[in-house]
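See below for the structure under consideration.
For this chain, numbers begin at 1 and follow the sequence in order.
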Amino acid sequence: MDQAQAAARAEGVRLVPAVEISAVHAGHEDLHLLGYGIDHADPHLCAELERFRADRAVRAQRMADALRAC
């Protein structure tokens, strides 16, 4: 993010730190939560986002394994 902010400043562009988190509740459709103006350096937020990314990687691997099994 720091590189993106530096590049934006160099180009005279305003960068708004943001995050999109997908959520599913009780079999309903995906819900996409958008957060703008976040503190991209907040340790708790960074840890949670890393946890979400790791979960996504595990799910992607399971889907790939299931496709190979077909």
Side-chain angles (χ1 to χ4, degrees):
M1 178 60 110
D2 293 333
Q3 288 179 333
Q5 288 178 327
R9 276 193 297 276
E11 295 298 323
V13 174
R14 180 172 175 236
L15 179 77
V16 178
V19 65
E20 177 181 4
I21 299 173
S22 297
V24 178
H25 177 67
H28 296 284
E29 290 187 37
D30 286 359
L31 175 67
H32 298 272
L33 305 170
L34 305 177
Y36 296 98
I38 62 165
D39 178 1
H40 72 279
D42 178 83
H44 181 70
L45 176 61
C46 290
E48 288 300 308
L49 291 175
E50 184 56 39
R51 188 173 63 83
F52 291 151
R53 282 188 211 94
D55 181 60
R56 182 182 302 174
V58 169
R59 284 185 291 129
Q61 186 61 53
R62 278 196 313 252
M63 286 188 274
D65 292 344
L67 286 171
R68 277 192 285 278
C70 289

Apply salt bridge (Lys or Arg N to Asp or Glu O under 4.0 Å) to Glu20 and list each qualifying residue two or more places apart in sequence or on a separate chain. none
Apply salt bridge (Lys or Arg N to Asp or Glu O under 4.0 Å) to Arg14 and list each qualifying residue two or more places apart in sequence or on a separate chain. none
Who pairs with [X] by side chain to side chain donor-acceptor pair (under 3.5 Å), at least two apart in sequence or on another chain?
{"X": "Gln3", "value": "none"}
{"X": "Asp30", "value": "none"}
{"X": "His44", "value": "none"}

When rounded to the nearest 0.5 Å, the distance separating CG of Leu45 from CD1 of Ile21 is 7.0 Å
Please report the shortest heavy-atom distance between Leu15 and Ala8, naming the atom on each side. CB-CB, 3.8 Å
For a side chain to side chain contact (heavy atoms under 4.5 Å, CB included) check, start with the C-alpha distance between His40 and Asp2, then their side-chain angles and the critical distance, and finish with the verdict. CA-CA 9 Å; His40 72 279; Asp2 293 333; 3.2 Å; yes
With a cut-off of 6.0 Å (strictly less than), are more than 12 heavy atoms of other residues, nucleotides or ligands near CD of Glu50? yes
Cluster overlap Leu33 with Tyr36, hydrophobic side-chain contacts below 4.5 Å: no
Name the atoms and distances for all side-chain donor-acceptor pairs under 3.5 Å in residues 57-70, with sequence neighbours left out.
residue, atom, partner, partner atom, Å
Arg59, NE, Asp55, OD2, 3.2
Gln61, NE2, Asp65, OD1, 2.9
Asp65, OD1, Arg68, NH2, 2.7

